[in-house]
Asks: 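Starting off with a structure, shown below.
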Amino acid sequence: MSNPFTLNGGACLAMAGKDCVAIACDLRLGQQALTLSNNFPKVFNYGDVFLGLTGLATDVQTMHSLFRYKVNLYRLREEREIEPETMANLVSSTLYERRFGPYFVSPVVAGINQRTGKPFICGFDSIGCIDFAKDFIVSGTASDQLFGVAEGLWEPDLEPEDLFETVSQTLLNSLDRDALAGWGAHVYIITKDKVTKRLLKSRQD
Amino acid sequence: MNQFPHGWGRPRDDVYGAYDSSYLNSTEPVSHTQRPIVTGTSVLGVKFNGGVIIAADNIASYGSLARYDNVERLLQVGTHTVVGAGGDISDMQYLHLLLDNLLIKEQYPADDHALLAPQVHTYISRVLYQRRNKFDPLWNSILTAGADPKTSEPFLSYVDLRGTTYTAPALATGYGAHLAVPILRRHVPDEEACASLSQEDAEKLVEECMKVLWYRDARSGVKYSWAVVTKDGVTTGNNKIENQSWKFAEMIKGYGAQNV
Amino acid sequence: MASQYMLPHVQQPPSFHSTASQPRQHQWSPYTENGGVILGIAGKDYVIIAGDTRSSEGYSINTRTARKIFDVGSGIVLGVVGMSADGEELARKVARRIDDYKRNHDKHITVNAAAVMLSRILYAKRFFPYYCQPLLGGLDEDGVGAIYTYDYVGSFEREASRAFGAAASLITPFLDNQINLKNQFVPGTNGDEPRKPGDLPMDRVEKIVKDAFTSAVERHIEVGDGLQLVRVTRPPPREAMEDEEEVDEREKTAGGGVLTEVMSELKKD
């Protein structure tokens, strides 16, 4: 119970490719070592923008509804979809509003800017500091493992299918070395005009 | 004749009285060094082409009090080795005693064999490691500097109270590790750089570092001792940091004395 | 007595006394951590043990040229990470015991015998452990690569590959994937037939090892500066060697395998 970030377990990973991005997460929900559910996705989308949320499960759900609400209002006011860069700033300011009583989450944003066609990924700490990366972003209880594998497998300008393989291998091999994450995974491959969602079969232990 | 073997070779009770074993059952706890008392601060060392230079200031502090201002923290061991110690001064002096005894024990003038810096360093590191295993550490960080009398190969290595040892082109103990080593590494990043560093430049470099330490290490002093070891042996000397000035502080807003 | 001194990684925060006037005493610890990472991979007829050469304490880099892999004699290598003073002491002790064995029995110790011996050496200090994770490598009696891995107090296991140290959590899943081919399947089998590990050639493994280290260097501050890679391979066959004396000398000094060491650079920031 002492660390809210590792209570429920879970992992998330985003990678940038050539005119494409990918974001993926595991499906486990647990309480310490006990697994409660193997159908708890941590990647959500708001229009064209994707948000991965790892950390305390209650905060994951709260933040998801909060952003659905905020992005809906944005859509009504602006009469257009939110772009990933804007989403990043929205996430950041929302987290910083709770500077001294933070949501225990480590969000990841991924998407393609519909105006410029530029791939965009970024990550945050729990109080909204943005980490803009041109390669990959990791978060969750398997972040050490994800850093190690992603640093070894990622290369620039991957085509969508190669990016899918890289993301999936990175995620699966990292999950297998983390007792708090795993039990299946969701992978989204995002290009300017298409999103592919795949469910990965993985070890169930 | 006493038929009990345990009594053989012992003072006879009927002659000398029963053995007084009271000291064995002392209720006093055995006291170990839990913290250093009178301390010396950094020691610096740099390898250069054909030798090595080592320096340490002459202050011995009692907490924040500069208790003694004329303490020699460099010790020449044999002909081609100098040992510099930071940390507890009494432990340093005990180590000096051990080294003096070691030198006497290992002195065989006839066989042309002498203890050199690597052997001295290994000896010190074994003493310190054994003492940490006894939970009674010698509270020091020590640099051993030397040069091979035949090849002039310089030697410089570090050992501390846990027996941790390492070697590098430039080393410093205590605050020197934070303040002097970055400066030293700019000049000697690796062994090749040492080979192209002259003795004069090395001396200037150490002088510069001792000055930086004087500025920023509150436990340091103006006077320091240095020693240079080459294949010809040890040269020692004393130096005083001069031309100090805090004038640069005036240029920085909110730092030095300002008239605004 | 020793057990009250905790290993650095399980040290607890200082307890606060109820009386404010009571002084809190600083407790000296005989342990420290010097960072770094090592890994070992066993192949069909070779063993590779590699480690970085950075030695640090806290945020300070002590030296950029510290070796963590030791030749302990009889064609056996020992890699150690953790507290370098304990690691070097352990390597000295193992080397000494392997030398004793050779003198007492007039033959080289086998890796599996050395592995058991190392376990006993570690367990002998059960209540004041060596704070280091050792990894023993060599060729077994059939000339097959063997890696033995240990915990602090001597429980051990023979494995095909293992990473130990500061960045072990980063390197381990990468090795799972690239060496043991985990989560990889034979193309065209629709994920039914897993790829079989175990027949990677040595040069390919060395490339993977270098990749693993350059990745770890990017993301872990305690890893970097240089890479020390030690290979244990079978000695060349007798007829390939010209000098008969050289053959004898080689077999005397090498035991089961021949050691070669390769040093290379890693990023220094």
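First the proteins, then the strands, lettered A, B, ... as listed; each starts at 1. The model shown is predicted, which means the values in this text are computed figures rather than measured ones.
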Asks: Check whether more than 12 heavy atoms from other residues, nucleotides or ligands sit under 6.0 Å from atom OH of C/Y123, and answer yes or no.
Replies: no

Asks: For A/K192, is the NZ atom crowded, meaning more than 12 foreign heavy atoms sit under 6.0 Å from it?
Replies: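 Yes.
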
Asks: Would you say C/R204 has more than 12 foreign heavy atoms packed within less than 6.0 Å of its CZ?
Replies: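 Not buried by this count: 12 neighbours or fewer within 6.0 Å.
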
Asks: Just checking C/K268: does its NZ atom have more than 12 heavy atoms from other residues, nucleotides or ligands closer to it than 6.0 angstrom?
Replies: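 Counting neighbours around NZ of C/K268, more than 12 heavy atoms of other residues, nucleotides or ligands fall under 6.0 Å, so yes.
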
Asks: Are C/D176 and A/R177 close enough, and set up right, to give a side chain to side chain contact (heavy atoms under 4.5 Å, CB included), and what steps lead you there?
Replies: CA-CA 9 Å; C/D176 287 345; A/R177 284 288 180 181; 2.6 Å; yes

Asks: Using a strict threshold of under 4.0 Å (side-chain N to carboxylate O), is an ion pair present between A/D176 and C/K182?
Replies: no

Asks: Check C/F174 against A/V149 and note the closest heavy-atom contact, atom names and distance.
Replies: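 Where C/F174 meets A/V149 most closely, the heavy atoms are N-CG2, 3.7 Å.
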
Asks: To the nearest 0.5 Å, what is the distance between CG on C/N177 and CG on A/L153?
Replies: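 Output value for this atom pair is 5.5 Å.
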
Asks: May I ask you to check whether over 12 heavy atoms, not counting those of A/K70, lie within 6.0 Å of atom NZ?
Replies: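 More than 12 within 6.0 Å, yes.
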
Asks: When rounded to the nearest 0.5 angstrom, what distance separates OG in C/S215 from CZ in A/F147?
Replies: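 Rounded to the nearest 0.5 Å, the OG-CZ separation comes to 12.5 Å.
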
Asks: Please check if any side-chain donor atom of C/N183 sits under 3.5 Å from a side-chain acceptor atom of A/N173, or the reverse.
Replies: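 The answer is yes; a qualifying pair exists.
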
